[in-house]
Every structure is written in C-alpha cells, then in structure tokens.
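These values consider heavy atoms only, across backbone and side chains, with no hydrogens, waters or symmetry-generated copies. Here is how names work: the chains are called A, B, and so on, in the same order as the sequence lines, proteins then strands, and each is numbered from 1. Everything numeric in this text was worked out from a predicted model, so none of it was measured.
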Amino acid sequence: MSASPEESLVQQWTSEQARLRQQLVEEDTEDWQKSPGFSGLERVGGVDLSFIKGDDVNACAQLVVLSYPDLELLYENSQMVTLTAPYVAGFLAFRETPFLIEALQQLERDKPELLPQVVFVDGNGIFHYREFGLACHLGVLSGLPCVGVAKNLLQVQGVYKSEEHQSQIAALQKGGDSFPLTATSGKVLGKALRSSDKSSKPVYVSVGHKISLDAAVRLTHSCCRYRVPEPIRQEMVQ
DNA sequence: GCGACAG
DNA sequence: ATCTTGTCGC
C-alpha cells in the first residue's frame, strides 16, 4: 500500500520535528531572564502571518521589534508572501516558519543592532502534540529565545476544554494569574494566563526555546496592555 | 462513526 | 487565519 501525498508529507514533517527537537533548550539561557525585573532586556520581537478573506495562499509576514519595558515601536517589517505548504494542525511551522526566518535574517542584515532578544510567536511552543510547536521550531532555527502565545486552547496530551478547565479559568481573578496545563505524563506543558485585568479569556503560554516557563509567563504578562502581548498585537492592529 | 483540529 | 457592525458595560 502506498501513502497519499498528504500522508507522506506528514511523515516527513514528523521526523523533521523529532530531529529539530533534539536541539531544543527549555531553560533560561540569558542573564536578563533570571533578573526579577528583566533588567538587561531592551528589545522584544513579535512575528505573525495574516491573511485576507478567501485567500489562504497569499499572506502578510510581519516582524516588529519593541523597546522594553516601554513597548515602543523600534522596527517594523511587512512583506507579502506566497505560501506553499498546507495548514495541518500540529505542523503549522512548516507553513509559516520560512517567511518568519526570512524576516529575521533581513533584520539581521539591515539593522543587526535591532535584533530582538526574545521573540513572541503567535502559536504554541512545547504545548503541542509532539512538544514542538511553531515557537520551538522558530526558536531552534533562529537560535533566538522564543515564547509561544496561543489565543485558543489546543486540546492535547490530556488537556481538555473540560468543565474543570472552565472553572480554573473562572478562578483567574486578575492580570498575571495563571494555572498550569499538565499532560497526562505529569509534565507541565504551559500555562493559561490571564494576561490583563480586563480580559477574562486567557492566553496559552508555553516555552518556545531558550527560556523557562516561569520567565515566559512573567514576560508575557509584562508585555500585555490588552489580552494579546503587544509585540504580536501590533501586527494584528496595523 | 463523531468530534477535534495552534494559525 | 478570515467572514463582520453595532452595541452594551465599565
């Protein structure tokens, strides 16, 4: 029996994820990450692809860099791109990463002094079927610390939208409150974070690369004026 | 068979 | 991801 093109693509992608995963670093590697107020952190980045109506082939790849802690715009780059890979849940990175890497390389070439010290990614990191989501993929390929922030819950490894999950959300009282997303294995894969006082719907934060979950959650909260962290929200707004 | 499925 | 304006509440 021969596999369909889709099946063999997914097989290929699965082994590529496993290969890259060996290079993943799930701990703090930078001095600023260990400081309570993140002193030494001056630039935070955000990446995203946005689409229009009935078109899932053409998209706008965006990279912004903001100052920290003021969150003022230091750099912005938007580029129309043509996607080739299909969207398959669990393999988002293969669709989006090439264009995000391209944007980061362009920045490194043109204004290396503006390279971000950490990148917020619209999607999951470790909180993923095979613990290697978009934020991990981009982190390993770029070598930059990355944080995954998803706006919707991915039901994975025993984490479900159960009534218990809903009541845990209801118990998040103020911005900064969070609860762990624990796999059946017992490993904490991420945290649901109430990112601001005003929004009752949490965001789902997980380690991308070269940062601890604790630092990732604290940093995400400190970059939120609204529900979505500013480095990612900037793009959606513009 | 049915539901779930980051973006 | 996107389709979609106003509206209600603080």
With a non-hydrogen cut-off below 4.0 angstrom, is [X] in contact with a base, only sugar-phosphate, or nothing?
X: A:F94; answer: nothing
X: A:D48; answer: sugar-phosphate
X: A:G148; answer: nothing
X: A:D122; answer: sugar-phosphate

Atom [atom1] of [X]: over 12 foreign heavy atoms under 6.0 Å:
X: A:D31; atom1: CG; result: no
X: A:E113; atom1: CD; result: yes
X: A:K111; atom1: NZ; result: no
X: A:Q155; atom1: CD; result: yes
X: A:E163; atom1: CD; result: no

Ranges pairing with ranges for DNA chain C, where each run has three or more Watson-Crick or G-U pairs under 3.5 Å: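 DNA chain C forms no stems at all.
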Check whether any side-chain N or O of A:R130 sits under 3.5 Å from a backbone N or O of A:Q17 as a donor-acceptor pair, and report yes or no.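 Pair absent, no side-chain N/O of A:R130 close to backbone of A:Q17.
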Test item: side-chain donor near acceptor, A:Y68 and A:S222, under 3.5 Å: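 Yes, a side-chain donor-acceptor pair sits under 3.5 Å.
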Segment of DNA chain B, first to last nucleotide, that comes within the 4.0 Å heavy-atom reach of chain A: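 First-to-last contact on DNA chain B, by the 4.0 Å heavy-atom rule, is B:dA4 to B:dG7.
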Separation of A:R95 atom CZ from C:dA1 atom P, in whole Å?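 Rounded to the whole Å, the gap is 12 Å.
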In whole angstrom, give the distance that lies between atom OH of A:Y87 and atom P of C:dT2.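 Going from A:Y87 (OH) to C:dT2 (P), I get 13 Å.
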So, OP1 or OP2 of C:dA1: does either fall under 4.0 Å of a side-chain N or O from A:K151?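 It does, given that an N or O in the side chain of A:K151 lies less than 4.0 Å from OP1 or OP2 of C:dA1.
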Centroid-to-centroid, A:H137 to A:F132, below 6.0 Å?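 Centroid separation for A:H137 and A:F132: below 6.0 Å.
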